[in-house]
Amino acid sequence: WADMKKNAFCFFGQKFNILSRFEEDAGYYGLVCAKGKEVCIAGQFKTIWFLAFGQKKAAKAPKKDPGFAGAQQAYTKIAKDVWDALGEAGC
């Protein structure tokens, strides 16, 4: 997670480019990864790893359609809505 020399994260046989790494105040490490239209967001907590995988929303999709425009937007949402609470709870 913290090894800056590694520029890839592998998940279910797929290799993603690491776009960003975070060490959050809530007590977890986060990775933002992407490969083409697919995104992988990973969080390492004290007792668990939490991974989310999906596809980016199409560029021409209406704003009301569910989904995210990119990996960073997905990370921000999951960190705010789920991971901060897990980290603060000591998971």
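The residues of the chain are indexed from 1 along the displayed sequence. Scope of the values below: all heavy atoms of this structure, side chains included, with no hydrogens, waters or symmetry mates.
What you find for Ala34 and Ala71 is that their closest heavy atoms are CB-CB, 4.4 Å. Ala8 and Lys15 make their closest contact through CB-CE, 3.5 Å (heavy atoms, listed as atom of the first residue, atom of the second, distance). The shortest non-hydrogen separation linking Lys80 to Asp84 is CA-OD2, 3.9 Å.
Rounded to the nearest 0.5 angstrom, Ser20 OG and Leu31 CG are separated by 9.0 Å. In this structure, CG on Leu51 lies 10.0 Å from CD on Gln44, to the nearest 0.5 angstrom. The CD atom of Glu23 lies 4.0 Å from the OH atom of Tyr29; values are rounded to the nearest 0.5 Å. Remark: Cys40 SG to Leu19 CG distance equals 10.5 Å, nearest 0.5 Å. With rounding to the nearest 0.5 Å, the separation of CD in Gln55 from NZ in Lys37 is 7.5 Å.
Taking the six-membered ring wherever Trp is involved, the centroid distance between the rings of Phe22 and Tyr28 does not fall below 6.0 Å. For Phe16 and Phe9, the gap between ring centers reaches or exceeds 6.0 Å.
Using a 4.5 Å heavy-atom cutoff, the side chains of Gln14 and Glu38 are in contact. The shortest side-chain heavy-atom distance between Asn17 and Lys35 does not fall under the 4.5 Å cut-off. Counting heavy atoms from C-beta on, the side chains of Phe50 and Trp83 come closer than 4.5 Å. Residues Ile41 and Val32 meet the side-chain proximity criterion, which asks for heavy atoms closer than 4.5 Å.
Linking ILVMFWY residues whenever their side-chain heavy atoms come closer than 4.5 Å, directly or via other members, places Ile78 and Ile48 in the same cluster. Note: the hydrophobic cluster containing Val39 does not contain Val82 (ILVMFWY, side chain heavy atoms under 4.5 Å, direct or indirect links).
For Thr76, the side chain to side chain contact (heavy atoms under 4.5 Å, CB included) criterion is met by Gln72, not counting sequence neighbours.
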